[in-house]
Amino acid sequence: MDYHFKEYFHEFSEDTPSGNFHKVIALHEAPGLSWEVISEKVPELSRAWWELAQLKTEERIELLQEFWESKMEYHQNLSEFLNNFFEGVDDVGVYLTQKKFDDPFEAQVVYSLSGNSGFYRGRPPATEEDIVSLQNDFSDFILPIDYLSFLRVHNGFFKTTDTTGLTKSEDLYRTYQEFQSNFSPEEVVYTKDAQTVNHKLLIPFYKSFGMPYYQCFWGEWYPENEMGVVYYSGNTKKVSDVSDGGTTVEHLCFPTFTDWLIFYLERIES
């Protein structure tokens with residue numbers, strides 16, 4: 001198990017003031033907690049996640065890979081990507097965390113990578129009502145199908161201690177409005193090849209922690225019949241160069257959300 005994993009899920013007290021949470025319940029390590037008791041304490045926890053926590057480590061990993069495969073939209077590299085990702089996972093835990101004494105508990109599945117290579121945290125899946133609400137919020141756009149399918153896996157997804165990560169569906173429109181407020185009406189955004197961009201057609205779904213750097217769906221770029229993903233820098237007021245039309249890691253532009261996700265899930269070297 002990655003050692004950062006244990007450091008992050010640490011309760012604070014007089015002896016450990018640097019802890020991140022008031023209360024942490026590692027559900028997979030607490031077999032005595034019944035569904036009746038835990039569902040009352042953590043209403044957002046699904047019965048499926050409670051049952052997942054009762055399984056052995058290998059079974060949890062296998063079941064989650066099958067779940068991802070059943071929910072995610074087809075991509076030519078999807079099977080290879082999922083096999084590689086889950087082969088590098090050495091443990092999966094279901095954690096219930098409470099920030100402060102009077103805060104509600106939140107549930108998350110945590111994927112620990114072998115060799116102290118980091119971990120990922122996934123929030124509960126979006127419901128169909130969440131998806132409909134999101135599409136209504138962005139009625140002028142057709143959001144990528146593979147993006148919506150991943151929300152059905154995890155509605156909010158984070159690399160290690162990143163607190164921003166993949167924005168939750170219920171927060172995406174507010175995030176979009178906040179992003180648009182950074183621009184004056186006459187302000188022009190450029191690509192790196194000096195083409196102008198309508199900033200209202202940029203939908204930021206991921207923000208780098210503490211920095212004005214975003215991954216956005218761009219409503220003027222459809223390389224695979226879906227909105228492609230571009231990088232936007234708030235410092236330079238520019239988006240990626242998409243002139244080659246394909247995945248360009250150097251410029252952080254991707255023809256599909258899944259291509260970006262594969263990049264985001266690259267193994268972190270210790």
Side-chain angles (χ1 to χ4, degrees), residues 65 68-86 88 120 122 126 131 134-135 137-159 162 164-169 172-173 175-176 179-180 189-208 211-234 236-268:
Q65 180 171 353
W68 283 48
E69 290 172 345
S70 71
K71 295 295 183 182
M72 292 183 68
E73 188 71 12
Y74 171 78
H75 182 283
Q76 60 182 356
N77 298 325
L78 181 61
S79 293
E80 180 182 4
F81 151 60
L82 289 179
N83 286 334
N84 289 340
F85 175 69
F86 280 95
Y120 293 89
I131 299 297
L134 177 62
Q135 292 177 318
D137 286 340
F138 291 92
S139 57
D140 292 336
F141 299 88
I142 299 177
L143 296 171
I145 294 174
D146 59 346
Y147 164 68
L148 297 178
S149 73
F150 185 74
L151 292 179
R152 294 179 172 93
V153 177
H154 287 301
N155 187 11
F157 195 70
F158 315 88
K159 180 183 289 187
D162 187 357
T164 49
L166 183 67
T167 304
K168 294 187 291 185
S169 65
L172 190 64
Y173 190 66
T175 300
Y176 171 77
F179 176 77
Q180 296 301 329
V189 177
Y190 292 93
T191 65
K192 291 186 177 179
D193 59 353
Q195 299 298 310
T196 59
V197 175
N198 180 352
H199 56 76
K200 292 182 179 179
L201 298 180
L202 295 173
I203 304 175
F205 64 86
Y206 174 85
K207 180 182 179 182
S208 296
M211 302 296 290
Y213 307 141
Y214 303 83
Q215 295 287 166
C216 306
F217 298 122
W218 184 17
E220 290 183 324
W221 188 47
Y222 287 77
E224 297 285 343
N225 299 318
E226 300 272 6
M227 280 193 289
V229 174
V230 293
Y231 170 80
Y232 171 78
S233 167
T236 64
K237 302 294 177 102
K238 290 183 178 180
V239 301
S240 310
D241 176 6
V242 299
S243 57
D244 68 356
T247 299
T248 309
V249 173
E250 178 186 357
H251 296 145
L252 296 177
C253 63
F254 305 89
T256 70
F257 170 80
T258 303
D259 287 303
W260 173 82
L261 183 65
I262 291 172
F263 165 78
Y264 185 61
L265 290 175
E266 279 187 344
R267 190 176 180 87
I268 305 166

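Only heavy atoms go into these numbers, but all of them, side chains included; no hydrogens, no water, no symmetry mates. Keep in mind that this is a model prediction, so the values were computed, not measured.
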| field | Non-hydrogen side-chain atoms of Val197 and Lys238 separated by less than 4.5 Å | value | no
| message | Evaluate Thr256 against Glu226 for side-chain contact (heavy atoms from CB on, under 4.5 Å), listing each step before the verdict. | response | CA-CA 7 Å; Thr256 70; Glu226 300 272 6; 5.8 Å; no
| said: Can you classify the ring geometry of Phe263 versus Phe254 as parallel (below 30°), tilted (30 to 60°) or perpendicular (above 60°)? | reply: tilted
| field | CG on Leu166 to OH on Tyr264, rounded to 0.5 Å | value | 7.5 Å
| Judged by atom type as modelled, is there a donor-acceptor pair below 3.5 Å linking the side chain of Asn83 to the main-chain atoms of Ser79? | yes
| Under the 3.5 angstrom rule, does the side chain of Asp137 hit a backbone N or O of Tyr173 as a donor-acceptor pair? | no
| Between atom CG of Leu143 and atom CG of Leu172, what is the distance when rounded to the nearest 0.5 Å? | 7.5 Å
| request: Just do the ring-ring contact (aromatic ring centres under 6.0 Å, His included) check on Phe217 and Phe141 with the steps written out, would you? | output: CA-CA 10 Å; Phe217 298 122; Phe141 299 88; 9.6 Å; no
| Is a side-chain N or O of Gln180 found less than 3.5 angstrom from the main chain of His199, in a donor-acceptor match? | yes
| Where is the tightest heavy-atom contact between Trp68 and His154, given as atom of each residue plus distance? | CZ2-CD2, 4.0 Å
| request: Quick one: closest heavy-atom pair of Thr164 and Lys207, and the distance? | output: OG1-O, 2.7 Å
| query | With side chains defined as the heavy atoms from C-beta onward, is the minimum distance between Tyr232 and Val189 less than 4.5 Å? | reply | yes
| Separation between CG of Leu261 and CZ of Phe81, rounded to the nearest 0.5 Å | 4.5 Å
| Are side-chain heavy atoms of Thr191 and Asp241 found at a separation under 4.5 Å? | no
| message | Leu134 vs Tyr147, test: side-chain contact (heavy atoms from CB on, under 4.5 Å). Steps then yes/no. | response | CA-CA 12 Å; Leu134 177 62; Tyr147 164 68; 4.0 Å; yes
| query | Should the pair Tyr120 and Phe85 be assigned to parallel (<30°), tilted (30 to 60°) or perpendicular (>60°) ring geometry? | reply | perpendicular
| field | Considering all heavy atoms, the nearest Tyr213-Gly234 contact | value | CD2-N, 4.4 Å
| query | For Met72 and Leu78, which heavy atoms make the closest approach, and how far apart are they? | reply | CE-CD1, 3.8 Å
| message | Quick check for you: to the nearest 0.5 Å, what is the distance between Tyr214 atom OH and Ser233 atom OG? | response | 10.0 Å
| remark: Taken to the nearest 0.5 Å, the spacing of Leu265 CG from Phe86 CZ works out to 9.0 Å
| request: For the residue pair Tyr190 and Thr196, establish whether any side-chain heavy-atom pair is separated by less than 4.5 Å. | output: yes
| task | Return the minimal non-hydrogen interatomic distance between Pro144 and Met227, and the atom names on each side. | result | CG-O, 3.8 Å
| request: Let me see the working for Glu224 and Asp259 under side-chain contact (heavy atoms from CB on, under 4.5 Å), right down to the final yes or no. | output: CA-CA 11 Å; Glu224 297 285 343; Asp259 287 303; 5.7 Å; no
| field | Residue pair Arg152 / Ile131: nearest heavy atoms and the distance that separates them | value | NH2-CG2, 3.7 Å
| query | Where does the angle between the aromatic ring planes of Trp221 and Trp218 fall among parallel (under 30°), tilted (30 to 60°) and perpendicular (over 60°)? | reply | tilted
| request: Give the ring-plane orientation class for Phe205 versus Trp260, where under 30° counts as parallel, over 60° as perpendicular and anything between as tilted. | output: perpendicular
| request: Any chance you could measure Glu220, atom CD, to Gln195, atom CD, to the nearest 0.5 Å? | output: 10.5 Å
| message | A quick test of your reading: do over 12 heavy atoms of other residues, nucleotides or ligands sit less than 6.0 Å from CD of Glu80? | response | no
